[in-house]
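Every chain is numbered from 1 and lettered A, B, ... according to where its sequence line falls, protein lines coming before strand lines. The model shown is predicted, which means the values in this text are computed figures rather than measured ones.
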Amino acid sequence: MIQKDAAKAIKKILAVDDVPFNVPPKREFGDLSTAICLSQAKLQKRAPIQIAEEVAHQLRNVKLPYISEIIVTPPGYLNFKIDHIRYVKSIISRVRRQGEDFGKSNEGRNRRILVEHTNVNPNKAMHIGHLRNAVIGDSVVRTLRKLNYDVQACDYIDDTGVQVADVVVAMLYLDEPFYDGKSEDFGSIWGKYDDKEISFDYWCWDLYSRVTQSFETDEELNAKRAEVMHLIEAQDNPVAVFAKEVATRIVYAHLATVSRLNVFYDLLNWESDIFMRGFWKTAFDSLKSAGGIVYETEGPNAGCWVVKMGKGVHQTEDGVRSEDKVLVRSNGTVVYTGKDIAYQMWKFGVLDRDFLYKRWGTQDNGEELWTTSPDGQPMQRFGMADRVINVIDVRQSYLQQVVYDCLRKLGFKKQARNSTHLDYEVVVLSNAAAAELGVDVNANESGAQAMSGRKGVGVKADDLIDAMVVRLNEKVANQHNAGVLATAAIRYFMSRISTGKMITFDFDEALRTTGDTGVYCVYAHARACSILAKAYPKEQDRDALNIKKMPRQITIPEQELAKKLAEFPSALIKAGQELSPAPLAHYAFELATVFTDFYETPDPDAEKQTPFIKIKDPVLRNYRLALVDVFRQTLANCLDALGIVALERI
RNA sequence: GCGCCUGUAGCUCAGUGGAUUAGAGCAUCUGACUUCGGAUCAGAGGGUCGGGGGUUCGAGUCCCUCCAGGCGCGCCA
């Protein structure tokens with residue numbers, strides 16, 4: 001706010017659009033500075049120092065609040081000294097007044113954003129790569145809600161794809177007893193799975209990797225695979241019903257897994273419903289009449305409906321290739337991207353068709369989760385978004401662009417513009433981690449291995465969470481706190497790295513509890529709570545934190561803490577603009593670090609530090625404790641945006 | 001071949017045109033609890049910001065080029 005006021009005044013004086021601020025290298029220059037006059041010098045063709053002096057003169061007349069002095073330094077910097085007593089006081093009272101709402105803003109103005117994330121194939125346990133998606137998606141949802149967007153969090157369930165079909169084939173035909181091909185009774189099939197031994201998603205993990213290996217050699221099994229895929233697509237037979245049951249059981253397992261990490265949704269969107277509600281037919285008709293799609297009669301795509309992309313047909317070293325994207329195969333079936341176009345149109349409410357909905361259940365956060373369903377009811381509630389964000393890893397960039405291009409070709413230019421592929425890099429395994437999972441690599445060589453569901457190579461999400469809980473259990477008050485801390489550790493670990501960077505997963509690094517970690521952040525919060533609990537054993541005594549009097553001097557650690565606290569609203573805005581949890585993770589750690597410094601050395605000049613709760617001067621005592629309190633509140637708000645619960649005691 | 005991403009300390013990462021000395025964490029070494037939580041803190045060592053050009057008063061940051069690594073370019077999802 002202090003910066004905003006100064007920027008506003010300077011904008012007026014110099015008639016510029018933007019005034020960047022930063023921190024001067026030396027404290028005697030002040031607390032804030034801007035080099036705006038240096039860049040202005042070029043345009044005005046005058047000495048920068050001269051401009052700076054003039055601006056400083058005018059600013060002094062404006063009387064900015066919280067600014068006590070304005071200094072000009074060569075070659076033309078404008079430096080501001082803050083009136084720390086007024087400033088710190090205003091931060092404290094602002095955070096105390098706003099409480100949980102501190103940091104929120106009205107950026108979104110209630111604009112509706114649909115965020116789709118997680119989207120794990122319902123055929124096996126989730127691994128840590130899926131976790132990255134869920135953590136990024138959920139954090140973005142939380143952040144956008146704090147910016148007052150009307151957010152719908154969706155999880156897409158591809159229950160009719162090949163991956164589910166493969167597990168179904170495995171269950172029916174990999175081990176005896178085999179399915180007879182027509183029965184509605186799958187009792188003997190379910191008998192192969194023992195829920196006392198292993199969870200269903202884990203069981204499928206191994207089953208899936210076994211069946212994909214068998215496909216390489218087993219002709220008969222491949223024939224069954226084609227048959228099962230056909231039956232699932234047809235939807236009107238016992239195998240399709242069985243497949244839906246398999247997928248549903250896996251979805252329950254996935255939701256249980258992500259729930260351990262505080263990831264929640266508003267709606268589950270099933271691909272089978274997209275299929276049965278005729279979404280594709282409508283989109284196909286629109287594409288045909290808009291001329292966005294053409295039927296090829298010759299060339300490599302003869303017999304297909306394609307979207308014209310790039311250069312079309314061209315010669316490469318592999319022979320004649322086409323950049324065009326096939327949407328309808330020559331056998332008349334639609335590819336995934338085709339369905340995705342229809343689905344994207346639904347998200348914006350421009351498809352002219354809708355799902356049927358019913359309640360799925362209540363999530364651990366107390367919120368109702370809905371699902372699309374063939375036996376649901378129509379509802380005017382989901383979709384119809386102003387903006388759509390699809391959280392999908394970077395390998396699908398090309399296909400996402402095809403979807404958005406098709407929207408454009410259909411005349412939905414605004415919707416195409418408001419479609420965002422939130423692309424993030426994948427999680428790979430360090431050689432050491434891969435070796436630990438039994439992959440044949442040299443653990444001592446630097447390098448990484450891709451995870452592979454088909455090969456069954458990957459760190460399962462629940463295994464990671466369990467390992468974290470085990471590690472934390474020793475020093476924690478109870479089992480519940482170990483779970484909360486494990487969530488903090490894992491979410492932070494997945495959040496702190498920029499979305500554009502690959503995460504090379506390593507057990508030692510992921511399970512760390514010291515330094516730049518979620519555990520450190522929660523620890524700092526718990527410590528602050530502990531101080532307050534000792535200072536004011538009775539709840540009503542905390543009224544003293546509504547401070548009226550300030551000490552005569554503000555120490556440097558106090559200034560640093562106050563400045564960092566004031567940054568939180570802009571950290572949230574930045575995270576919302578970048579669609580990434582990383583800025584908030586960095587902010588949380590910095591805030592915790594600045595607080596710890598304030599806690600350890602509140603009076604840098606004093607020979608001996610006095611614990612806050614033992615300070616005799618009531619003004620200083622209440623003031624310092626008020627700082628502890630607003631820190632506690634701000635960190636908790638930040639961690640909330642990251643889906644991390646700030647414990648009061650560990 | 002074309003396109004996208006990444007390259008900053010031994011390792012994992014910040015740093016989205018500003019200040020003489022490029023910041024954290026981990027690891028290594030040295031220290032600090034009879035006072036508010038030691039999952040902490042203080043200190044030390046460790047850098048040709050992949051290389052080379054350019055733009056600018058000023059470049060880790062922008063442009064060009066080269067190098068290295070990753071990922072895309074399916075009638076798979």
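A donor and an acceptor atom, one from each side chain of A/D158 and A/Q163, are nowhere located under 3.5 Å apart. At a cut-off of 3.5 Å, with distance as the only test, no side-chain donor of A/Y623 or A/D617 sits close to an acceptor on the other residue. Between the side chains of A/S139 and A/R491, a donor-acceptor pair is found at a separation under 3.5 Å.
Of all nucleotides listed (B/C73, B/C41, B/A39), B/C73 comes nearest to the side chain of A/Y398. Taking the side chain of A/R395 as heavy atoms from C-beta on, and the options B/U40, B/A24, B/G72, the nearest nucleotide is B/G72. Comparing B/G15, B/U6, B/A39 against the side chain of A/K501 picks out B/U6 as the nearest. Among the nucleotides B/C76, B/A39, B/C75, the one closest to any side-chain atom of A/L472 is B/A39. The side chain of A/Y336 has B/A77 as its nearest neighbour among B/A19, B/G25, B/A77.
With pairs defined as Watson-Crick or G-U wobble and both atom distances under 3.5 Å, the stems of at least three pairs that touch RNA chain B come out as B:1-7 with B:67-73, B:10-13 with B:23-26, B:28-32 with B:40-44, B:50-54 with B:62-66.
Following rounding to the nearest Å, A/I497 (CD1) and B/U8 (C1') show an atom-to-atom distance of 15 Å. Protein atom CD of A/Q400 is 12 Å distant from nucleotide atom C1' of B/A77, rounded to whole Å. Per the geometry, CZ belonging to A/F493 stands 22 Å off P belonging to B/A39, to the nearest Å. Across the protein-nucleic acid pair, A/F215 atom CZ and B/C76 atom P stand 16 Å apart, rounded to whole Å. One atom, OH of A/Y77, and another, P of B/G58, lie 12 Å apart when rounded to the nearest Å. When the P atom of B/C73 is taken as reference, atom CG of A/L399 falls 7 Å away, rounded to whole Å. Computed from coordinates, the A/D324 CG to B/C75 P distance equals 10 Å when rounded to whole Å. One atom, CD of A/E116, and another, P of B/A77, lie 15 Å apart when rounded to the nearest Å.
A salt bridge links A/R632 with A/D629: the closest approach of a Lys/Arg side-chain nitrogen to an acidic carboxylate oxygen falls below 4.0 angstrom. Here A/E509 pairs with A/R496 in a salt bridge; the nearest charged N to carboxylate O distance falls below 4.0 Å. A salt bridge links A/E296 and A/K308; the closest N-O separation between the charged side-chain nitrogens and carboxylate oxygens is under 4.0 Å. Using a 4.0 Å cut-off between a side-chain N of Lys or Arg and a carboxylate O of Asp or Glu, A/R624 and A/E558 qualify as a salt bridge.
Under the 4.5 Å side-chain criterion, counting only non-hydrogen atoms from C-beta, A/L545 is in contact with A/R542.
B/U55 sits 34 Å from B/U12 when the C1' atoms are compared, rounded to a whole Å. One P atom belongs to B/G60, the other to B/G53, and the distance between them is 14 Å to the nearest Å. The gap from the P atom of B/G46 to that of B/G23 amounts to 14 Å, rounded to the nearest Å. Taking atom P in both B/G17 and B/U6, the straight-line distance is 15 Å, to the nearest Å. Here, B/C67 and B/G51 have their C1' atoms 7 Å apart, quoted to the whole Å. With both ends at atom P, the span from B/A22 to B/A27 equals 25 Å, rounded to whole Å. Comparing the C1' positions of B/C63 and B/A9 gives a spacing of 28 Å, expressed to the nearest Å. B/C36 and B/G25 have their C1' atoms separated by 26 Å, given to the nearest Å.
Within 4.0 Å of A/L485, counting heavy atoms only, lies at least one base atom of the nucleic acid. Among the heavy atoms of the strands, none lies under 4.0 Å from A/S397. Residue contacts shown for A/R496 include a base, since a base heavy atom lies under 4.0 Å away. Counting non-hydrogen atoms under 4.0 angstrom, A/A302 reaches a base of the nucleic acid. Residue contacts shown for A/V394 are absent, as no nucleic acid heavy atom lies under 4.0 Å away. Within 4.0 Å of A/V476, counting heavy atoms only, lies at least one base atom of the nucleic acid. No contact: A/G161 has no heavy atom under 4.0 Å from any strand. Among the protein residues, A/K574 comes within range of the nucleic acid bases, having at least one heavy atom under 4.0 Å from a base atom.
Donor-acceptor pairing under 3.5 Å, judged by distance alone, is present between the side chain of A/S330 and the base of B/C75. Counting distance only, with no hydrogens placed and no angle test, the side-chain atoms of A/S33 and the base atoms of B/A19 include a donor-acceptor pair under 3.5 Å. Scanning atom types as modelled, one donor and one acceptor separated by under 3.5 angstrom connect the side chain of A/N79 and the base of B/A19.
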Subject >> Trace of the side chain to side chain contact (heavy atoms under 4.5 Å, CB included) decision for A/V403 with A/L399 >> reply: CA-CA 6 Å; A/V403 172; A/L399 290 175; 5.8 Å; no
One pair to check against side chain to side chain donor-acceptor pair (under 3.5 Å): A/Y536 and A/N622. What are the steps and the verdict?
CA-CA 10 Å; A/Y536 307 107; A/N622 286 337; 2.8 Å; yes
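If A/T504 and A/C304 are placed on RNA chain B by their nearest nucleotide, the residue sitting closer to the 5' end is A/T504. Nearest-nucleotide positions on RNA chain B place A/D423 closer to the 5' end than the other of A/D423 and A/V519.
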For nucleotides 31-37 of chain B, tabulate all protein N/O to nucleotide N/O atom pairs closer than 3.5 Å, reporting atom names and distance.
{"from": "B/U35", "atom 1": "O2'", "to": "A/K614", "atom 2": "NZ", "distance (Å)": "3.2"}
{"from": "B/C36", "atom 1": "O3'", "to": "A/K534", "atom 2": "NZ", "distance (Å)": "3.3"}
{"from": "B/C36", "atom 1": "O2", "to": "A/F612", "atom 2": "N", "distance (Å)": "2.7"}
{"from": "B/C36", "atom 1": "O2", "to": "A/I613", "atom 2": "N", "distance (Å)": "3.2"}
{"from": "B/C36", "atom 1": "N3", "to": "A/F612", "atom 2": "N", "distance (Å)": "3.1"}
{"from": "B/C36", "atom 1": "N4", "to": "A/Y599", "atom 2": "O", "distance (Å)": "2.5"}
{"from": "B/G37", "atom 1": "OP1", "to": "A/S530", "atom 2": "OG", "distance (Å)": "3.1"}
{"from": "B/G37", "atom 1": "OP2", "to": "A/S530", "atom 2": "OG", "distance (Å)": "3.3"}
{"from": "B/G37", "atom 1": "OP2", "to": "A/K534", "atom 2": "NZ", "distance (Å)": "2.7"}
{"from": "B/G37", "atom 1": "O2'", "to": "A/Y523", "atom 2": "OH", "distance (Å)": "2.7"}
{"from": "B/G37", "atom 1": "O2'", "to": "A/R527", "atom 2": "NE", "distance (Å)": "3.0"}
{"from": "B/G37", "atom 1": "N7", "to": "A/S530", "atom 2": "OG", "distance (Å)": "3.3"}
{"from": "B/G37", "atom 1": "O6", "to": "A/I650", "atom 2": "N", "distance (Å)": "2.9"}

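The aromatic rings of A/F507 and A/F505 lie perpendicular to each other, with more than 60° between the two planes, well past the 30° mark. Under the 30°/60° scheme for interplanar angles, the aromatic rings of A/W205 and A/H127 are found to stand perpendicular.
Checking side-chain atoms of A/R621 against main-chain N and O of A/I613 turns up a donor-acceptor pair under 3.5 Å.
Checking the phosphate oxygens (OP1, OP2) of B/C76, a side-chain nitrogen or oxygen of A/R329 falls inside 4.0 Å.
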